[in-house]
Trainee: 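Got a structure here, written out as structure tokens. Questions coming.
Whatever order the structure lists them in is the order used to number ligands and atoms, beginning at 1. Computed from a predicted structure; not experimentally measured. Here, residue 1 is the first one in the sequence, and each next residue gets the next number.
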Amino acid sequence: MLLKNTNLIKRMFITLEGIEGSGKSTLIKNLNNYLSNLDIDVLFTREPGATNTGKNIRNLLLSPDTDLSSEAELLLIMADRVEHIKNIITPNLNLNKLVVSDRYIDSTIAYQGGGRKINVKLIKSLIKSLKMPVPDLTFLIDVTVETGLSRAKDRAELDRFEVEEMDFHERVRRAYLKIAEQEPERVIKINGNQDEVAVFNDVKHFLEMKLTDNE
Ligand code: TMP
């Protein structure tokens, strides 16, 4: 499929989700090359930690030395997101850019809801009350916990989430799969156990469908 008129792509908000070691960083590198070649005005961002305040919140959240209750963790993540939306996501969407965020609201439902067992209704009601924009499209890169964690362990020192037990990560994965089941129009599940080229080609296929939909 060929994208005909990339100037017509407007205000699209795409998010990438997955457990630890799902391959999002490699996918972002491939997406960046592809979208830049198409001359699409794209902004890549991430959570937590895209804003100046967010960077401090990210350090706190990821440091294995931080002692936090699950509820305080949820509120810190929400604070990071409020700043992210206000300073980065909304202004760039208003400039008619394609905004791609590495993690967003589904991470909170999966990690704090699934992983930490906070009531998902409470999380969803916070998201709604704070009027957080819903993504137009979300790619869930799904890998088994074994694969994801072994990739994460090969990469660097493990952070506060990565050191959690297998069961935590299994709950996160299950919560993600449930979101994909509940919202098939928005959330596309991609098999992340494949090699990076196959993952990218799958994502590209759905992305082109969505972008040409908008033409
Ligand atoms: P990452 O940017 O390296 O993926 O690390 C971010 C970590 O933060 C990851 O382990 C998941 C966690 N996280 C949550 O628990 N809830 C959230 O809402 C977000 C955005 C991230």
Side-chain angles (χ1 to χ4, degrees), residues 13-29 31-32 44-51 53-89 99-120 122-130 132-135 138-143 145 147-176 178-179 187 192:
F13 182 27
I14 295 176
T15 57
L16 307 177
E17 297 283 358
I19 64 167
E20 312 302 324
S22 58
K24 288 184 286 97
S25 308
T26 310
L27 173 63
I28 288 165
K29 185 194 72 193
L31 272 176
N32 195 3
F44 284 91
T45 183
R46 71 161 179 185
E47 287 192 359
T51 61
T53 305
K55 284 188 182 82
N56 292 321
I57 298 177
R58 182 183 173 93
N59 287 339
L60 200 59
L61 283 168
L62 298 197
S63 164
D65 300 332
T66 304
D67 187 15
L68 262 185
S69 69
S70 302
E71 289 75 15
E73 178 182 285
L74 169 68
L75 293 174
L76 282 174
I77 282 164
M78 286 301 189
D80 170 75
R81 183 161 303 134
V82 167
E83 291 303 297
H84 190 205
I85 292 169
K86 184 170 150 245
N87 296 302
I88 297 177
I89 297 176
V99 175
V100 181
S101 182
D102 178 358
R103 299 195 180 282
Y104 187 61
I105 50 178
D106 300 305
S107 280
T108 315
I109 293 167
Y111 281 79
Q112 281 62 51
R116 302 282 191 228
K117 302 184 181 170
I118 295 179
N119 188 322
V120 170
L122 167 73
I123 299 174
K124 286 188 175 169
S125 85
L126 270 175
I127 290 169
K128 211 170 163 187
S129 314
L130 293 166
M132 295 180 157
V134 177
T138 297
F139 290 106
L140 167 60
I141 316 302
D142 179 54
V143 288
V145 171
T147 303
L149 286 187
S150 81
R151 287 178 186 167
K153 277 178 192 139
D154 285 346
R155 242 177 4 213
E157 246 172 68
L158 298 182
D159 65 36
R160 214 177 116 262
F161 292 96
E162 288 165 340
V163 296
E164 286 292 340
E165 80 280 16
M166 288 290 278
D167 227 42
F168 173 89
H169 296 286
E170 291 288 0
R171 288 198 300 277
V172 173
R173 182 178 181 217
R174 275 201 301 278
Y176 267 135
K178 192 167 167 196
I179 303 171
V187 183

Trainee: Have Arg81 and Thr108 got a donor and an acceptor in their side chains that come within less than 3.5 Å?
Mentor: yes
Trainee: What are the two closest non-hydrogen atoms of Thr45 and Ala50, and how far apart are they?
Mentor: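 Taking Thr45 first and Ala50 second, the nearest heavy atoms are OG1-CB, 3.4 Å.
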Trainee: Can you name the side chain to side chain contact (heavy atoms under 4.5 Å, CB included) partners of Lys124, sequence neighbours left out?
Mentor: Ile109, Val120, Gln182
Trainee: Quick one: side chain to side chain donor-acceptor pair (under 3.5 Å) pairs with a partner in residues 59-71, sequence neighbours left out?
Mentor: none
Trainee: Name all residues meeting the side chain to side chain contact (heavy atoms under 4.5 Å, CB included) criterion together with Glu165; count only those two or more places apart in sequence or in a different chain, and write none if there are none.
Mentor: Asp167, Phe168, Arg171
Trainee: Examine distances only and state if a side-chain atom of Arg58 and a backbone atom of Pro48 form a donor-acceptor pair shorter than 3.5 Å.
Mentor: yes
Trainee: Write out the protein residues near ligand 1, meaning a non-hydrogen atom under 4.0 Å from one of its atoms, in order of chain and number.
Mentor: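 Lining ligand 1 at under 4.0 Å, by heavy atoms, one finds Glu20, Lys24, Glu47, Pro48, Arg58, Leu62, Ile77, Arg81, Arg103, Ser107, Thr108, Tyr111, Gln112, Phe161.
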